[in-house]
Every structure is written in structure tokens, then in C-alpha cells.
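Below you'll find the structure, written out as C-alpha cells, and then a few comments.
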Amino acid sequence: MSPDTDMAIWSSLPVPAILLDAEQRIADMNPAAEGFMNNSTKWLLGQPIWDRLTVDSPLEESLQRARANGTPLFVNDVDVGPGTRAPLVCNLQIAPIQGRPGWMILLISPRELAGRMTQSHSVKSAAKSAIGMAEMLAHEIKNPLAGIAGAAQLLSMNLGKDDLELTDLIVAETRRIVKLLEQVEQFGNLSPPERKEVNVHDVLDRARRSALLGFGAHMKIIEDYDPSLPLAYGDPDQLLQVVLNLLKNASEAAGGQPGKIRLHSFYEHSFRLRRKDGTGQSLPLQIEIIDDGPGLPENIKGDIFDPFVSGRENGTGLGLALVSKIISDHDGWISVESIPGRTVFRISLPMAPRETEEKH
């Protein structure tokens with residue numbers, strides 16, 4: 001094969017690939033690796049790989065043995081990352097380069113997204129059935145609840161102070177249930193997104209201003225944007241609803257105490273979503289909402305986007321389910337990483353189609 005063909009194959013590899021010299025320094029990277037490392041080949045060339053890549057597994061001795069014997073090395077289910085963002089669960093494949101003694105190629109295959117996609121598909125039909133049943137019940141229950149509240153208010157006109165507490169409780173609880181039922185109906189009736197080119201920083205700015213004037217007045221919201229980020233393809237109003245919901249959750253997690261929220265945007269070339277039919281969707285536009293709150297409860301962390309799962313007392317469990325539905329309708333992806341003191345909700349979105357951008 002010609003050098004041009006070799007370069008085309010190298011650039012077309014769908015997984016991050018890093019070429020290492022005999023001293024374990026970075027000799028080359030393909031575009032997918034540049035995206036994974038959040039840096040260019042030119043910048044990282046010649047740097048020791050383990051200074052730039054963190055792997056939650058002792059690899060040096062095994063790598064030394066593989067290099068000496070000229071044999072490949074496979075490491076599965078380890079946390080891997082460049083240190084500038086949360087690591088991903090990956091499989092690593094390291095193999096010797098023919099004709100170059102001591103040189104190795106490192107392939108990084110993120111598994112976390114595939115695993116979460118499998119889990120997401122397995123619960124999707126169950127969640128859809130639950131929401132359908134809830135919508136039907138909401139419609140049937142709201143009318144009699146209005147009658148109960150009205151009857152309680154009429155009774156209260158002829159009652160003493162002690163008994164008034166009971167009728168007030170009936171009215172307050174029926175109103176609370178009606179509000180919950182209206183949220184259930186909103187979840188089921190959400191219209192498809194009216195998609196067009198969107199500057200995600202405009203959406204983030206609108207959400208930030210709204211939060212600081214209301215529920216997030218006690219929080220410090222920091223902007224950390226990539227100014228060169230291309231336009232996204234989505235419904236600006238629905239995306240605003242998503243960001244407002246996440247900001248509200250982060251603000252409420254602080255329990256009324258001062259806290260910090262960071263709005264971070266960046267471009268990740270290698271991020272692709274693989275569907276069940278085998279087709280892929282590029283989602284290079286990344287938005288992160290990062291807070292310094294107590295983190296998600298361990299027992300619900302894996303199911304936080306499912307309907308009726310909530311970490312708050314009196315929470316409906318529909319807010320994040322609605323967020324997940326909106327992002328899914330945008331052909332995007334949302335994930336969360338949470339430990340005490342740092343929770344990161346990450347939204348991955350597609351770019352606006354080229355033909356859309358060329359019209360403007």
C-alpha cells in the first residue's frame with residue numbers, strides 16, 4: 001500500500017489510536033485519539049504517554065513484558081482519561097509494530113457508552129408503559145380531585161379552628177397531587193423538537209441569567225466556554241428547558257447554602273453514538289453542568305434518568321426523565337458522573353447540518 005493509503009486508514013480508524021516509541025513517548029495519534037485526549041498530535045508529540053494518560057491499573061510491568069516478548073497486551077474494563085475530564089471505562093489493546101523494535105500501538109475502546117446504551121434500551125419500553133399508564137390515571141384522577149378540594153373548601157366555611165387544619169390539609173394535598181399529575185401529562189405530551197441551528201452559548205446564557213434571578217440566586221455560576229464551538233442542531237426552547245432543569249437541581253442540592261456551578265462547553269471529535277441498527281451519529285458538541293454539591297445518592301445513581309426516580313424528598317422523579325427524553329429526541333446523549341463534592345451532567349449534541357449552515 002502507498003503512504004497515502006496508510007495515512008487514510010490511520011485517519012479513518014474509529015477508535016483512538018496512539019503510536020508509542022521505544023521510550024513510551026507519543027510518536028503519533030489519529031484524529032479520534034486527538035479528540036479523546038482533548039489535544040493535538042503536534043502538542044503531545046514526544047511526551048511520555050503516562051504523563052498525559054491516566055489508567056486505573058498497573059500497566060508498566062505488563063507493557064514491559066509485552067514489549068520484550070513482542071506480544072500483544074489486552075486490558076479490559078479500566079478507567080482511562082487524559083486527566084482534563086472524567087475518565088471512561090475502556091478496553092485497551094496494545095500491540096508491537098512490525099519492523100520497529102520496542103514500538104507499540106495503543107488502541108482505546110470506550111465501553112461505558114455502549115454499556116449505558118444497552119441498559120437504556122432495556123428499560124425504555126418499561127418506562128414508556130409506565131408513563132402511558134400514568135397519563136391515563138392522571139386524566140381520570142384530576143376531575144374527582146377538583147371535586148374533593150371544592151367540597152373541603154365548602155366544609156371549611158362552617159368549621160372551628162381545630163377542624164380547619166384538616167380541611168386545609170385536604171386542599172393542600174389535592175393541589176399537590178394535581179400538580180404532579182399535570183407534570184405527568186406534560187411528560188407525555190411533549191411535542192417533537194423544532195430543530196434548527198442553535199448557538200448553545202446563547203442557551204446557556206439565558207439559563208444562567210434566569211437562574212441567578214430566581215432559584216439559583218445563592219449560587220455562583222461560572223462560564224467556561226469554547227468560543228470556537230460550532231452551531232448545534234436543536235430546539236432552543238427545549239434545550240433551555242433542559243439546562244434550566246439541571247441548574248435547578250444543582251441549586252437545590254446545595255440546600256440553600258452558597259455553592260458553585262460551572263457551565264463548560266467543548267468539542268470532542270471522537271464522540272459517536274452507535275444505535276441498535278449499527279448506524280452511528282457524531283455528537284461532538286459537549287456541554288457540562290458541574291456542581292460542588294453532595295452528589296447523587298448511591299442507590300439511585302444508575303437509574304437517575306428513569307421516570308419516578310428521585311433523590312429528593314417530595315420529588316416527582318420526572319424532571320431528569322424529561323431532560324433525558326428531550327435530549328433523546330434531539331438524537332443526543334446525556335450522562336452523569338457523581339461523587340461527593342462534584343457532580344457532572346454531560347450533554348452531547350450533533351452539529352447543525354452543513355447545508356443548514358450554508359444558508360445563513
Within this structure, what is the [atom1]-[atom2] distance for the pair [X] and [Y], rounded to the nearest 0.5 Å?
X      : Y      : atom1 : atom2 : result
Leu229 : Met351 : CG    : CE    : 9.5 Å
His264 : Ile289 : NE2   : CD1   : 11.0 Å
Met219 : Glu252 : CE    : CD    : 11.0 Å
Ile94  : Phe74  : CD1   : CZ    : 10.0 Å
Gln241 : Leu246 : CD    : CG    : 11.0 Å
Leu320 : Ser324 : CG    : OG    : 8.5 Å

What heavy-atom pair brings [X] and [Y] nearest, and what distance separates the two atoms?
X      : Y      : result
Pro350 : Pro284 : CA-CD, 4.4 Å
Ser338 : Gly295 : OG-CA, 3.3 Å
Ala352 : Glu197 : CB-CB, 3.9 Å
Glu268 : Gly35  : CG-O, 3.7 Å
Gln93  : Ser109 : OE1-OG, 4.1 Å
Val243 : Ala207 : CG1-CB, 3.5 Å

Can you tell me if [X] uses its side chain to pair, donor with acceptor, with the backbone of [Y] under 3.5 Å?
X      : Y      : answer
His218 : Gly255 : no
Arg346 : Glu288 : no
Asp292 : Lys260 : yes
Glu34  : Thr41  : yes
Ser210 : Arg206 : no
Asp291 : Gly293 : yes

- Message: Tell me whether Arg262 is salt-bridged to Asp224, with the criterion being a basic N under 4.0 Å from an acidic carboxylate O.
- Response: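 Answer for the salt bridge query: yes.
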
- Salt bridge between Lys325 and Asp329, side-chain N to carboxylate O under 4.0 Å? yes

- Apply ring pair (Phe, Tyr, Trp, His ring centres under 6.0 Å) to Tyr225 and list each qualifying residue two or more places apart in sequence or on a separate chain.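 Tyr225 satisfies ring pair (Phe, Tyr, Trp, His ring centres under 6.0 Å) with His201 only.
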
- Message: Walk me through whether Asp331 and Arg195 qualify under side-chain contact (heavy atoms from CB on, under 4.5 Å).
- Response: CA-CA 11 Å; Asp331 297 324; Arg195 299 173 73 177; 3.0 Å; yes

Should [X] and [Y] be counted in the same cluster of Ile, Leu, Val, Met, Phe, Trp and Tyr side chains packed under 4.5 Å apart?
X      : Y      : value
Trp103 : Leu13  : yes
Leu92  : Trp50  : yes
Leu169 : Ile148 : no
Ile97  : Trp10  : yes
Val171 : Leu155 : no

- Task: Carefully, step by step, assess Asp79 and Val89 under the rule side-chain contact (heavy atoms from CB on, under 4.5 Å).
- Result: CA-CA 5 Å; Asp79 289 338; Val89 178; 3.5 Å; yes

Taking the side chain as every heavy atom from C-beta outward, state whether [X] and [Y] have any atom pair closer than 4.5 Å.
X      : Y      : value
Glu223 : Ser265 : no
Tyr233 : Pro353 : yes
Leu53  : Phe36  : yes
Pro230 : Leu285 : yes
Leu247 : Leu263 : yes

- For Trp43, does the CH2 atom sit with more than 12 other heavy atoms under 6.0 Å from it, leaving out its own atoms? no

- Message: Pair Gln24, Gln64 - check side-chain contact (heavy atoms from CB on, under 4.5 Å), show working.
- Response: CA-CA 10 Å; Gln24 299 190 40; Gln64 203 85 3; 3.7 Å; yes

- Checking side-chain contact (heavy atoms from CB on, under 4.5 Å) against Asn91, which of Val15, Ile108, Asn76, Val75 comes through?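 For Asn91, the side-chain contact (heavy atoms from CB on, under 4.5 Å) test succeeds with only one of Val15, Ile108, Asn76, Val75, which is Asn76.
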
